[in-house]
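Since this is a predicted model, take the numbers as computed values, not measurements. A, B, ... follow the sequence lines: proteins, then strands. Residue 1 opens every chain. Side chains included, hydrogens not; waters and symmetry mates left out as well; all remaining heavy atoms used.
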Amino acid sequence: MTENAYHPQSLEPAIQERWERDGYFHAPAHPSGEKFYALAMFPYPSGQLHMGHVRNYSIVDAIARYQRMRGKTVLHPMGWDAFGLPAENAALKNGSAPAAWTFSNIEHMRGQLKRLGLSYDWEREIATCTPDYYRWEQWLFLQLWEKGLAYQKLSTVNWDPVDQTVLANEQVVDGRGWRSGALVERREIRQWFLRISAYADELLAGLDTLQGQWPDQVLAMQRNWIGRSEGAEIHFPLADGDDVIKVFSTRPDTLFGATYLAVAAEHPLAMKAAESDTTVARFIERCKHVAVSEASMETQEKEGVPLGIQVRHPLTNALLPVWTANFVLMGYGEGAVMSVPAHDQRDFEFAHKYQLPIRIVIQSAENSPENPHELEAALTAPGQLIHSQSFTGLDSQAAKGAITEALVARGLGQKTVNYRLRDWGISRQRYWGNPIPMIHCPHCGVVPVPEKDLPVELPTHYQLHDPRSPLLDDPAFLQVDCPQCGAAAQRETDTMDTFVESSWYYARFACPDAEQMLDARAADWLPVDQYVGGVEHAVLHLLYARFFNRLLRDVGLLPKDGAHDEPFRRLLTQGMVLKDGSKMSKSKGNTVDPQAILDRYGADTARLFILFAAPPEQSLEWSDSAVEGAHRFLQRIWRMVQDYTGPVPTLAQPLGDAARDLRRAIHQCIERVTLNMEDRQHFNVVIAACMELSNQLARAEATPGSDEHAVLGEGLRTLLLLLNPFAPHLAEALWDKIGDGVTILTHPWPVADPAALHSDTVTLVIQINGKLRERLDFPIASQTKELEASVLAHPEMARHLQDKTVRKVIVVPGRLINIVVS
RNA sequence: GCCCAAGUGGCGAAAUCGGUAGACGCAAGGGACUUAAAAUCCCUCGGGUUUUCCCGUGCCGGUUCGAGUCCGGCCUUGGGCACCA
């Protein structure tokens, strides 16, 4: 073993020490020149880094380091999504306090991240479970309460009757509590909600501005989740009394085909009917029961019972019966639908089952039976209206507008838009989370904690014995004087969903020490230029963060200039890390511990492999031998640079042929790498191009003093610059030897020299009828006509062309010539 | 059922606009060096033929001088949503 062999285990910590000492990764308070904010979705401090983390952070670090070399002022922070259930579970399992457990995990994982050599500005580190962070979230909650964007309503939870606690969905296993094994009950309790629905339209429209910057898949998922549908609200007056039943329909053109109404089991009219009708009461009871087991929901048969009441059709005044049915959702629209069996498949099936009338009112080209008994399925296509009074003859599109207008004229309806998106329930009946800053007073009702009393600190001294929140039993936390009347009152004990913390942390990173939620630094650094994380957050986290960014704007913390509406300009969703074809997980026992890879090969090998094995958005198959391959490549680079003797010479002009070809390869590599760093971010191709170049450099006949030796020097330096984002420790150590004395971290990214790319000749592929036959060289400046003539006259072509008639010659400049013969 | 991706060697994958299919790497086989091994270096590596062609990018058609790439129709896999009126 020679003293200058490649030893990442000692080399990497030494380089990391240098980076830390020189403070290269500290971002200034305000960016100077062009800024670039690179961010990975921050981790939950579970205790150990896994390969998914390594992949995520290697991608972002490569981008951050690349952007620094492009001369940008880079912000690249890291923090901890530190509230949440696992800390409570761990506390119950081994008696640790959630806070202590969390902070010790953070300690360990921070060490692992540092060992990976990720270029974070550690001075901006945030842990969301510290009062310095969550107090601002409480502050924002008070602003939202003022604006009516935070409110309380009844909502269903899973209740464990043995442990006397609310369970999260993932704590319910086969309908039973995960710990007690007791059958879970559903309970309605008052919970806190944020009115994200008020931003539905804006969140939907904002997606258009992200087109091309976010994966189409994520945009599509968010669009579906918001689920906007246009239609009409239609009022059906009750036959007895003054009341109306409101329904929502996307097909007001089929209004004359409505033959009955159906309301949800929880609908007030159904509840009222149940008081005097035992059949209805029993049906409602059964609906509640079935809803408990979610599996049966999917296969559930469509069922219903008549309520014994009638409504009048808003345009014909015909009497229609009202049913309650198990497929009508109380939470969507008005909890009631008009049923048009002829033109809606679900209504069709229901009408058949209960012998309800079917009226055909739309005729379409493909299918136009006039007799309802001929129908085998609902006619859902748009078409021309029939049997629809004065609207007969209109097409569906026109009829939607005309019928809606007629309803408006009678005061029995209006054009309206409905969303699938529901308001965000943020209440958690858990201990380890951010306390909701509200007080319940027996006289004043719900009263906000005064701003001066923030933060409501979460006590951290409890020893947990069962899953019940200790806040419920702690008078020191619970008892408080009402801020309004001074009477004895109680604190809210619900804490916030941890998605709330992750909805604004990216903004806090810009000003982690601000004495308000955000200060002017946030506007300077936002939006995040490149965000990277798992596709599992495609909807919830990414939608909530988009919502919160607009809330921050609307309480005046971010500019209303249009440029700060969206939090994340560009999004990359990285694929999973697989082993033996399935996701790495402890339960499957197929995990690879990043620590073991670091110990054995070092951070550069781990990072290089994980970026080389697949494009970042695709899933990645772990391969021990491919890791070896990545390590071999780094060793080869190490040796090539060590073997490069003498100072790097300057290039002689003009160069010999071999040196010129080598230099062209170097600059073609720069072009190819740069393109992939910017546009497609296919780092696997970038690394492949570097490997290709290293192979070419290794083959060079470079005796010291020759042209090629000088070009080899240029090639090796270029290679180190191109590899720096992926193997930064090795690149820096070797740069010490053959670089220019200035740190490689901020060295300008190489630019391809047009003179080096130039060639006097071009090799064209010659095809006959589209099939490859020859490769021939031609002068670079040849005109199409000249090329055509010289290829047909070329001696190599004679045997391909004999006994053939040339019909056509296609010349694609710089690429190929296709000779069409017969 | 609806929406969105993706199907290329033994394996991971390349191939900006329609223009040389399989770059780069892994595995495998052969060779050099070595007492030997490791390491390193060189050669081969889609299939069929054996000296020049034929076939080949999930399947069937189409457009084109030319299709992995575009169009139509299927099949398979993965992901999302799912009684949304």
Side-chain angles (χ1 to χ4, degrees), chain A residues 1 215-225 227-229 231 234 247-251 254 261-262 264 297-302 325-329 331-340 343-347 349-350 418-422 535-536 538-539 573 575-576 578 608-609 612-615 617-630 632-633 635-636 639 672 675-676 679-680 682 684-695 698 763-775 799 807-821:
Chain A
M1 235 183 251
D216 288 342
Q217 184 201 9
V218 175
L219 294 175
M221 283 165 73
Q222 293 218 352
R223 283 197 185 95
N224 291 340
W225 192 264
R228 182 181 202 273
S229 52
I234 304 173
V247 307
F248 172 73
S249 174
T250 55
R251 293 293 302 274
T254 64
L261 296 197
M297 279 280 275
E298 293 190 15
T299 49
Q300 199 184 339
E301 178 91 3
K302 289 165 189 47
N326 60 359
F327 61 83
V328 182
L329 304 172
Y332 187 77
E334 305 289 341
V337 295
M338 69 175 197
S339 292
V340 186
H343 304 296
D344 180 283
Q345 186 58 30
R346 198 185 40 208
D347 297 343
E349 287 165 22
F350 194 80
N418 247 308
Y419 298 92
R420 205 194 79 102
L421 180 69
R422 305 295 155 75
V535 74
E536 66 272 20
V539 179
T573 50
M576 290 187 299
L578 313 177
L608 190 82
F609 162 75
F612 176 61
E617 71 281 3
Q618 257 175 55
S619 61
L620 177 154
E621 183 71 36
W622 185 266
S623 157
D624 290 326
S625 55
V627 176
E628 291 271 2
R632 276 201 293 270
F633 170 69
Q635 283 179 312
R636 208 150 45 231
R639 274 197 306 274
R672 194 168 156 209
L675 188 79
N676 270 292
D679 290 353
R680 296 193 306 167
H682 278 195
N684 56 326
V685 180
V686 169
I687 294 164
C690 290
M691 288 174 168
E692 206 174 341
L693 178 61
S694 85
N695 291 341
T763 306
L764 295 185
V765 161
I766 312 302
Q767 298 180 338
I768 308 280
N769 289 347
K771 295 205 189 308
L772 172 74
R773 284 297 177 268
E774 299 289 336
R775 276 167 236 262
R799 65 194 176 87
R807 298 286 174 199
K808 199 173 175 182
V809 179
I810 313 259
V811 176
V812 183
R815 286 229 173 242
L816 57 74
I817 299 173
N818 188 15
I819 303 168
V820 184
V821 301

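Checked by distance alone, Arg251(A) brings no side-chain donor or acceptor within 3.5 Å of a matching partner on the base of rA85(B). Interface remark: the Lys302(A) side chain does form a donor-acceptor pair with the rC83(B) base, using a distance-only criterion of under 3.5 Å.
Taking the C1' atom of each, rC84(B) and rC70(B) are spaced 36 Å apart, rounded to whole Å. Taking atom C1' in both rG18(B) and rG68(B), the straight-line distance is 11 Å, to the nearest Å.
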Give me, pair by pair, the N or O atoms of the protein and of nucleotides 54-57 of chain B that are less than 3.5 Å apart, along with how far apart they are.
residue	atom	partner	partner atom	Å
rC54(B)	OP1	Arg773(A)	NH2	3.3

Would you tabulate the nitrogen or oxygen pairs shorter than 3.5 Å linking the protein to nucleotides 2-7 of chain B?
none

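Of the candidate nucleotides rU16(B), rA85(B), rU40(B), rU40(B) has the atom lying nearest to any side-chain atom of Arg639(A). Distance from the side chain of Trp225(A) is smallest to rC81(B) among rA15(B), rC81(B), rA85(B).
Residue contacts for Val809(A): at a heavy-atom cut-off of 4.0 Å it reaches no nucleic acid atom on any strand shown. Among the atoms of the strands shown, only primed sugar atoms or phosphate atoms (P, OP1, OP2) are found under 4.0 Å from some heavy atom of Ser619(A). Among the protein residues, Val820(A) comes within range of the sugar-phosphate backbone only, with heavy atoms under 4.0 Å from sugar or phosphate atoms but none that close to a base. Contacts of Arg815(A) with the nucleic acid, taken as non-hydrogen atoms under 4.0 Å apart, involve only primed sugar atoms and P, OP1 or OP2.
Against the 90° criterion about 0, the sugar-base torsion of rG18(B) places it in the anti range.
Glu628(A) CD to Phe609(A) CZ: the interatomic distance, rounded to the nearest 0.5 Å, is 11.5 Å.
Here Phe350(A) and Phe327(A) bring their ring centres to under 6.0 angstrom of each other.
A search for side chain to side chain contact (heavy atoms under 4.5 Å, CB included) contacts involving Leu675(A) returns Asp679(A), not counting sequence neighbours. Under the side chain to side chain donor-acceptor pair (under 3.5 Å) criterion, Thr573(A) pairs with no residue at all, not counting sequence neighbours.
With Asn818(A) contributing its side chain and Gly770(A) its backbone, the two residues share a donor-acceptor pair below 3.5 Å.
In this model, the phosphate group of rC84(B) is not approached by any side-chain N or O of Arg422(A) to a distance below 4.0 Å at OP1 or OP2.
Computed from coordinates, the Arg420(A) CZ to rG80(B) C1' distance equals 10 Å when rounded to whole Å.
Taking a pair as Watson-Crick or G-U wobble with both distances under 3.5 Å, the runs of three or more consecutive pairs in RNA chain B are B:1-7 with B:75-81, B:10-12 with B:24-26, B:28-32 with B:40-44, B:46-48 with B:53-55, B:58-62 with B:70-74.
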**Message:** Within the 4.0 Å limit for protein heavy atoms, which parts of nucleotides 21-30 of chain B are touched? Write it as a string from 5' to 3', B for base, S for sugar-phosphate only, - for none.
**Reply:** --BBSSS---
